[in-house]
Amino acid sequence: MTTALAGKVAIITGGSKGIGSAITRELASNGVKVVVNYNQSKESAEAIVNEIKANGGEALAVQADVSYCDQAERLVEETKKQFGQLDILVNNAGITRDRSFKKLGEEDWKKVIDVNLNSVYNTTTAALSHLLEAEAGRVVNISSIIGQAGGFGQTNYAAAKAGLIGFTKSLALELARTGVTVNAICPGFIETEMVMAIPENVREQIVAKIPARRFGHAEEIARGVLFLCQDGSYITGQQLNINGGLYM
Ligand code: NAP
């Protein structure tokens, strides 16, 4: 395959489901060797790896709960062992534990911060030396419109996703001279299990407020990741909003 990204190696955390699976497929179909990280979804990780291999690509599934430093380190080590390099890190893994603040317990606060924000420290710190060795290293953090605008019942998630934006800008500043770019994508409401878990009547109210009058598709986020990785050598520290006009 002769795309600009052919032969590059990417880790996609939470790469077997929802937005992550669309990113995995998009990068793989552009010749990237993909490491599909999963925590619980072994079957879907193996299925997507088999699908990519059947299409002539290279892929590896690696179980790791990226909210733990040692597991994130192992994820990066296994990537290096299998493919010998690491060019692209997509920090996509995320969860919600929505509760109004009055009802939000410490466990739900900490879990969401651990999985959505501390995981990004864990993977990025493990990956950094390899990204610096790469010709044009890329970090893409999947943040959220909720980190920009807030969300009812989402103080934990909004804090994590806003934190990710600050992290992105600061690391981008530190790495700009090295050629490694660091950007965030802020999706609006995208049709995945995470959004389909919202009660139908609430979903209808959300769609009515989206200027584009529909939820986004995971593939639309994946094409944003491809753009930043492929054509983004002069784009760093940015938030790419893919939200149907919901937040401008
Ligand atoms: P999803 O379908 O629920 O998928 C979440 C993914 O994260 C799964 O692959 C899951 O893997 C992985 N994950 C969760 N905890 C993990 C852990 N501790 N270690 C490793 N992987 C873990 O959600 P999605 O909608 O695709 O969301 C993907 C990202 O986009 C998230 O960061 C989310 O916050 C963000 N986002 C989504 C929307 C939306 O509307 N859907 C909007 C804005 C931002 P396992 O199943 O293997 O545990």
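Start at 1 and go down the list; that is how both ligands and their atoms are numbered. Fair warning: this is a prediction, and the values are worked out from it, not measured in the lab.
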### Summary
Residue, atom and distance of the protein heavy atom nearest atom 10 (C) of ligand 1 read Gly14 CA, 4.3 Å

### Summary
Here the pair of heavy atoms bringing His217 nearest to Ile190 is C-CG2, 3.6 Å

### Query
Based purely on interatomic distance, does Ile19 place a nitrogen or oxygen under 3.5 Å from a nitrogen or oxygen of ligand 1?
yes

### Query
Do any nitrogen or oxygen atoms of Ile190 come within less than 3.5 Å of a nitrogen or oxygen of ligand 1?
yes

### Query
Counting from 1, what ligand 1 atoms have a heavy atom of Val195 closer than 4.0 Å?
39 (C), 40 (O), 41 (N)

### Message
Looking at ligand 1, is there an atom of it that comes within less than 4.0 Å of some heavy atom belonging to Lys161?
### Response
yes

### Numbering as shown, the atoms of ligand 1 that approach Phe189 to under 4.0 Å (heavy-atom distance)
40 (O)

### Message
Could you work out, for atom 43 (C) of ligand 1, the closest of Ala64, Ser144, Ser21, Gly94 by heavy-atom distance?
### Response
Ser144

### Message
Is it true that, when you exclude Lys42 itself, more than 12 heavy atoms of the residues, nucleotides or ligands shown sit nearer than 6.0 Å to its NZ?
### Response
no

### Query
Which residue owns the protein heavy atom closest to atom 30 (O) of ligand 1, what's the atom, and how far is it?
Ile142 CG2, 3.3 Å

### Message
I need the contact type for Ile145 against ligand 1. Using non-hydrogen atoms and a strict under-4.0 Å cut-off, is it side chain, backbone, both or neither?
### Response
neither

### Query
Do the charged groups of Arg214 and Glu191 touch, with an N to O distance under 4.0 Å?
no

#### Entry: Heteroatom proximity flag, Ser16 to ligand 1, N/O under 3.5 Å
no

### Task
For residues Leu89 and Ala127, report the shortest heavy-atom separation together with the two atoms involved.
CD2-CB, 4.1 Å

### Polar side-chain atom of Thr24 near backbone of Gly15 as donor-acceptor pair, under 3.5 Å
yes

## Note on the structure
protein heavy-atom neighbour closest to atom 2 (O) of ligand 1 works out as Gly18 CA, 3.7 Å

### Message
Could you walk me through whether Asn241 and Ile145 satisfy the side chain to side chain contact (heavy atoms under 4.5 Å, CB included) test, starting with their C-alpha distance in whole Å, then the side-chain angles of each, then the deciding distance to 0.1 Å, before giving a yes or no?
### Response
CA-CA 8 Å; Asn241 297 334; Ile145 191 172; over 6 Å; no

### Query
Going by the order shown, which atoms of ligand 1 are within less than 4.0 Å of some heavy atom of Val66?
19 (N), 20 (C)

### Task
Mark up the atoms of ligand 1 that fall under 4.0 Å of a heavy atom belonging to Gly188, in ascending order.
38 (C), 40 (O), 42 (C), 43 (C)

### Message
Give me the atom names and distance for the closest heavy-atom approach of Thr123 to Val76.
### Response
O-CG2, 4.3 Å

### Summary
One finds that the ligand 1 atoms under 4.0 Å from a non-hydrogen atom of Tyr38 are 47 (O)

### Task
Please report the C-alpha distance between Glu78 and Arg74 in whole Å, then the side-chain angles of each, then the deciding distance to 0.1 Å, and finally whether the salt bridge (Lys or Arg N to Asp or Glu O under 4.0 Å) criterion is met.
CA-CA 6 Å; Glu78 289 190 25; Arg74 182 173 47 74; 3.4 Å; yes

### Query
Which residue supplies the protein heavy atom nearest to atom 29 (C) of ligand 1, what is that atom called, and how far is it?
Asn92 O, 3.1 Å

### Query
Within the structure, does Thr13 bring an N/O atom to less than 3.5 angstrom of an N/O atom in ligand 1?
no

### Query
Nearest to atom 15 (N) of ligand 1, what protein heavy atom do you find, and at what distance?
Val115 CG1, 3.5 Å

### Query
Has ligand 1 got any nitrogen or oxygen that is less than 3.5 angstrom from a nitrogen or oxygen of Thr192?
yes

### Query
Closest approach of Met194 and Gly94, non-hydrogen atoms and distance?
CE-O, 3.7 Å

#### Entry: Check: Ala208 main-chain N/O paired with Arg213 side-chain donor or acceptor under 3.5 Å
yes

### Task
Check for a donor-acceptor pair, side chain of Thr3 on one end and backbone N or O of Asn30 on the other, with a separation under 3.5 Å.
yes

### Task
Find all atoms of ligand 1 within a distance of less than 4.0 Å from any non-hydrogen atom belonging to Ile95, and give their numbers and elements.
14 (C), 15 (N)

### Message
Considering non-hydrogen atoms of the protein only, which is the closest contact for atom 22 (C) of ligand 1, and what is the distance?
### Response
Ala93 CB, 3.5 Å

### Residue Lys17 vicinity, atoms of ligand 1 by number, heavy atom under 4.0 Å
9 (O), 46 (O)

### Query
So which protein heavy atom does atom 18 (N) of ligand 1 come closest to, and at what separation?
Asp65 OD1, 2.8 Å

### Message
How close do Arg138 and Cys229 get, counting heavy atoms only, and between which atoms?
### Response
NE-O, 3.2 Å

### Task
Please work out whether any backbone atom (N, CA, C, O) or any side-chain heavy atom from C-beta onward of Phe215 is under 4.0 Å from ligand 1, and answer side chain, backbone, both or neither.
neither

### Query
Under 3.5 Å, side chain of Asn156 to main-chain N/O of Asp108, donor-acceptor pair present?
yes

#### Entry: Enumerated ligand 1 atoms positioned under 4.0 Å from heavy atoms of Gln40
45 (P), 47 (O), 48 (O)

### Query
How close does the nearest protein non-hydrogen atom get to atom 34 (O) of ligand 1, and which residue and atom is it?
Tyr157 OH, 2.5 Å

